[in-house]
Amino acid sequence: MEARRLTVPTLVAAYLFAIVAANLLVATYGPAVAIVNAFLLIALDLTARDRLHEAWAGRGLWPRMLALIATGGALSYLLNAAAGPIALASCAAFGAAGLADALTYHAARRLPWLARANLSNLAGAALDSAVFVLLAFGPAAWPLIPLQLAAKAAGGALWAWLLRPRAREVIA
């Protein structure tokens with residue numbers, strides 16, 4: 001049986017698709033879509049970030065991740081200028097989440113990949129939920145924060161299982 005080939009360009013494309021789709025959906029439908037986005041799209045981004053962490057470790061991880069976050073915001077704005085405030089909130093949230101995720105992922109480096117990814121997803125999801133909800137919707141929307149956190153944790157567990165490294169997998 002041939003090994004599955006997960007490529008960095010595929011992960012980057014998935015990351016950008018998810019962040020842009022999430023931003024445009026929130027810009028169009030507002031908080032009503034936030035929980036579905038959290039489960040499906042933001043959780044994908046958090047988990048893809050962990051796989052990219054492995055691929056880019058020691059090779060410009062931080063500049064590359066910051067470029068991805070900025071690109072996601074810029075694409076969101078270019079596709080729909082009305083999404084600008086959401087894209088900015090998203091960039092700020094993903095910056096904070098990426099830092100928490102990366103630090104947790106690195107601290108848990110001796111754990112199996114699924115445990116490491118789920119722990120880091122939880123740390124990133126907590127910051128992403130708080131920062132995004134408060135910046136995008138304002139303090140009155142705070143009840144969304146624990147709901148988004150739960151959705152991101154559950155979605156992150158699903159994406160971590162789907163994107164987990166497998167025997168003989170090649171990432172290039």
(request) Check A123 against A100 and note the closest heavy-atom contact, atom names and distance. (result) O-CB, 3.8 Å

(request) Would you please name every residue forming a side-chain contact (heavy atoms from CB on, under 4.5 Å) with L99, sequence neighbours left out? (result) W62, L103

(message) Just verifying a value: how many Å separate L24 CG and N80 CG, rounded to the nearest 0.5 Å?
(response) 6.0 Å

(request) Could you pull out the closest heavy-atom pair between A102 and H53, with the gap in Å? (result) O-CE1, 3.9 Å

(request) Locate the shortest heavy-atom distance separating A136 from I86; write the atom from each residue and the value. (result) CB-CD1, 3.9 Å

(message) Checking one residue: L78. Which other hydrophobic residues are in its cluster under the side-chain 4.5 Å linking rule?
(response) none

(request) Check side-chain contact (heavy atoms from CB on, under 4.5 Å) between L88 and all other residues, then give those that pass, not counting sequence neighbours. (result) none

(request) Could you state whether L16 and L61 fall into the same hydrophobic cluster, counting links through intermediate Ile, Leu, Val, Met, Phe, Trp or Tyr residues with side-chain heavy atoms under 4.5 angstrom apart? (result) yes

(message) Going by side-chain contact (heavy atoms from CB on, under 4.5 Å), name the residues that satisfy it together with V33, two or more places apart in sequence or in a different chain.
(response) L25, V26, Y29, N37

(request) Enumerate the residue pairs fulfilling salt bridge (Lys or Arg N to Asp or Glu O under 4.0 Å) with a member in residues 61-90, sequence neighbours excluded, ordered by first and then second residue. (result) none

(message) Exactly one of I19, L135, I42, V20 should register a side chain to side chain contact (heavy atoms under 4.5 Å, CB included) with S90. Which one does?
(response) I19

(request) Would you mind reporting whether L144 and I35 have side-chain heavy atoms less than 4.5 Å apart? (result) yes

(request) With sequence neighbours excluded, give me every salt bridge (Lys or Arg N to Asp or Glu O under 4.0 Å) pair touching residues 130-142. (result) none

Please table the atom pairs, donor to acceptor, closer than 3.5 Å between any side-chain atom in residues 66-76 and protein atoms at least two apart or in another chain.
{"from": "T71", "atom 1": "OG1", "to": "A67", "atom 2": "O", "distance (Å)": "2.7"}
{"from": "S76", "atom 1": "OG", "to": "N23", "atom 2": "ND2", "distance (Å)": "2.9"}
{"from": "S76", "atom 1": "OG", "to": "G72", "atom 2": "O", "distance (Å)": "2.8"}

(message) With clusters defined by side-chain heavy atoms of hydrophobic residues (ILVMFWY) lying less than 4.5 Å apart, directly or transitively, does W161 cluster with L122?
(response) no

(message) Around atom CZ of F137, are there more than 12 heavy atoms from other residues, nucleotides or ligands closer than 6.0 Å?
(response) yes

(request) Specify the closest pair of heavy atoms between A82 and P85, including all atoms of both residues, with the distance to one decimal. (result) O-CD, 3.5 Å

(message) Can you give me the closest heavy-atom contact between A18 and L44, atom names plus distance?
(response) CB-CD2, 3.9 Å

(request) Compare all side-chain heavy atoms of M65 with those of W56 and state whether any distance is below 4.5 angstrom. (result) yes

Report, one line per pair, each donor and acceptor closer than 3.5 Å where one atom sits in a side chain of residues 125-134; sequence neighbours left out.
{"from": "D128", "atom 1": "OD2", "to": "K152", "atom 2": "NZ", "distance (Å)": "2.4"}
{"from": "S129", "atom 1": "OG", "to": "A125", "atom 2": "O", "distance (Å)": "2.7"}
{"from": "S129", "atom 1": "OG", "to": "L149", "atom 2": "N", "distance (Å)": "3.4"}
{"from": "S129", "atom 1": "OG", "to": "K152", "atom 2": "NZ", "distance (Å)": "3.1"}

(request) Identify the heavy atoms of A48 and Y15 that sit nearest to each other, and give their distance. (result) CB-CD1, 4.3 Å

(message) Using 0.5 Å steps for rounding, measure from the CZ atom of F39 to the CG atom of L41.
(response) 11.0 Å

(request) First locate atom OG1 of T47, then atom CZ of R164, and finally report the distance between them rounded to the nearest 0.5 Å. (result) 12.5 Å

(message) Just to verify, what does D45 make a salt bridge (Lys or Arg N to Asp or Glu O under 4.0 Å) with, not counting sequence neighbours?
(response) none

Exercise answer: donor-acceptor pairs, residues 110-120 side-chain atoms, under 3.5 Å, sequence neighbours excluded:
{"from": "W113", "atom 1": "NE1", "to": "Y105", "atom 2": "OH", "distance (Å)": "2.8"}
{"from": "R116", "atom 1": "NE", "to": "Y105", "atom 2": "OH", "distance (Å)": "3.3"}
{"from": "R116", "atom 1": "NH1", "to": "R109", "atom 2": "O", "distance (Å)": "3.3"}
{"from": "R116", "atom 1": "NH1", "to": "L111", "atom 2": "O", "distance (Å)": "2.6"}
{"from": "R116", "atom 1": "NH2", "to": "E54", "atom 2": "OE2", "distance (Å)": "3.3"}
{"from": "N118", "atom 1": "ND2", "to": "L114", "atom 2": "O", "distance (Å)": "2.9"}
{"from": "S120", "atom 1": "OG", "to": "D50", "atom 2": "OD1", "distance (Å)": "3.2"}
{"from": "S120", "atom 1": "OG", "to": "D50", "atom 2": "OD2", "distance (Å)": "2.9"}
{"from": "S120", "atom 1": "OG", "to": "D101", "atom 2": "OD1", "distance (Å)": "3.4"}
{"from": "S120", "atom 1": "OG", "to": "R116", "atom 2": "O", "distance (Å)": "3.1"}
{"from": "S120", "atom 1": "OG", "to": "A117", "atom 2": "O", "distance (Å)": "3.1"}

(message) Suppose we screen for side chain to side chain donor-acceptor pair (under 3.5 Å). Which residues come up paired with T10, at least two apart in sequence or across chains?
(response) T7

(request) Scan residues 140-150 for pairs that pass salt bridge (Lys or Arg N to Asp or Glu O under 4.0 Å), counting only residues two or more places apart or in two chains. (result) none

